[in-house]
Amino acid sequence: MADIPVAVPAPHHRHDTREAVLFGGVYGAVLACSMVAALTQQGHTSQDSRRYDAAWLLVTALASALAHGYAHYIAERGPHRRGDALRTLVDEWPLVAAVLPTVVVLAGAGWGWWPANGVEYPAFTMNIVLLFTLGLVTARQSRRSWAVALLIGVVDALLGVVVVVANAVIK
């Protein structure tokens, strides 16, 4: 008599912290670059507009984290335990954390801590450095050689550079 195959539920895939920080950090830094580019496209550089930009960046990051966490939750097949939805959403904290430095830069310009005009350039630079650092540190933690880690950091940073170059070309 032939054995009848039995469906075994796939194990719940939990992202390890390093994976979540890299993914969320890269996604958040690229999101921050994109939002700063889009929000400054119209040339509004007043303190009021920078506070508005900071608020919109934070709202967009929270909505992106919520959407990404929700997508993970519904895409995972199999039974869910109580609290899985909340745990899945909490796992998206690196995305929101990655945009917070840019939110502070924009809000600081809005509060008069520094000039509101041209604040997008330090924001772009900060996010490109963040992307490079995330790639480098994560690669080194994965026991990659320094050469490979530097290459990964450069490739991650290029994601931010692409946004900056696109912003310059579009303007």
Side-chain angles (χ1 to χ4, degrees), residues 8-40 53-54 56-81 83-108 118-170:
V8 177
H12 179 69
H13 179 258
R14 295 282 299 174
H15 301 285
D16 68 2
T17 302
R18 186 177 3 179
E19 179 184 353
V21 168
L22 177 64
F23 178 84
V26 168
Y27 190 99
V30 172
L31 175 71
C33 278
S34 300
M35 286 294 296
V36 168
L39 291 167
T40 59
D53 293 350
W56 265 113
L57 176 56
L58 188 57
V59 166
T60 302
L62 290 169
S64 296
L66 182 63
H68 190 257
Y70 177 71
H72 269 292
Y73 179 76
I74 63 170
E76 292 173 352
R77 298 191 177 143
H80 290 284
R81 295 183 309 258
D84 279 352
L86 182 58
R87 277 189 291 281
T88 301
L89 295 175
V90 169
D91 285 345
E92 299 301 320
W93 69 266
L95 189 158
V96 176
V99 303
L100 290 179
T102 305
V103 168
V104 170
V105 167
L106 293 171
V119 77
E120 63 270 17
Y121 301 108
F124 288 147
T125 302
M126 181 179 56
N127 283 298
I128 291 168
V129 169
L130 176 61
L131 285 162
F132 174 80
T133 304
L134 281 167
L136 177 74
V137 169
T138 304
R140 287 299 297 157
Q141 287 177 341
S142 297
R143 302 192 195 314
R144 302 275 202 302
S145 69
W146 275 103
V148 171
L150 286 168
L151 179 63
I152 291 171
V154 167
V155 170
D156 279 4
L158 284 174
L159 295 170
V161 171
V162 166
V163 171
V164 172
V165 169
N167 181 52
V169 168
I170 291 170

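- The nearest pair of heavy atoms linking A29 to L130 is CB-CD2, 3.9 Å.
- The nearest pair of heavy atoms linking R144 to R140 is O-NH1, 2.6 Å.
- Between F124 and C33 the shortest heavy-atom distance is CE2-O, 3.4 Å.
- Residues L106 and V119 form a side-chain contact, since some pair of their non-hydrogen atoms from C-beta on lies under 4.5 Å apart.
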Inset, instruction - Could you give me the CA-CA distance, side-chain angles and deciding distance for L58 and L100, then say whether side-chain contact (heavy atoms from CB on, under 4.5 Å) is met? - result: CA-CA 7 Å; L58 188 57; L100 290 179; 3.9 Å; yes

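- Going from atom CD of Q141 over to atom CG of L136 covers 10.0 Å, rounded to the nearest 0.5 Å.
- Pairing each heavy atom of G25 with each of A98, the nearest pair is O-CB, 3.6 Å.
- Residue pairs meeting the side-chain hydrogen bond (donor to acceptor under 3.5 Å, both in side chains) criterion with at least one partner in residues 120-138, sequence neighbours excluded, are R50-E120, T102-N127.
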Would you be so kind as to tabulate the donor-acceptor pairs closer than 3.5 Å made by side chains of residues 145-163, with sequence neighbours excluded?
{"from": "S145", "atom 1": "OG", "to": "V148", "atom 2": "N", "distance (Å)": "3.2"}
{"from": "D156", "atom 1": "OD2", "to": "G135", "atom 2": "N", "distance (Å)": "3.4"}

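- None of L95, V96, L57 except one satisfies the side chain to side chain contact (heavy atoms under 4.5 Å, CB included) rule with L62; the exception is V96.
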Inset, instruction - Verify side-chain contact (heavy atoms from CB on, under 4.5 Å) between H68 and Y27, making sure each step is shown before the conclusion. - result: CA-CA 11 Å; H68 190 257; Y27 190 99; 5.5 Å; no

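- The two residues A54 and A107 make their nearest non-hydrogen contact at CB-N, 3.6 Å.
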Inset, instruction - Test side-chain contact (heavy atoms from CB on, under 4.5 Å) on E92 and L66 and set out the steps. - result: CA-CA 8 Å; E92 299 301 320; L66 182 63; over 6 Å; no

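- The two residues V99 and G28 come nearest to each other via the heavy atoms CG1-O, 3.2 Å.
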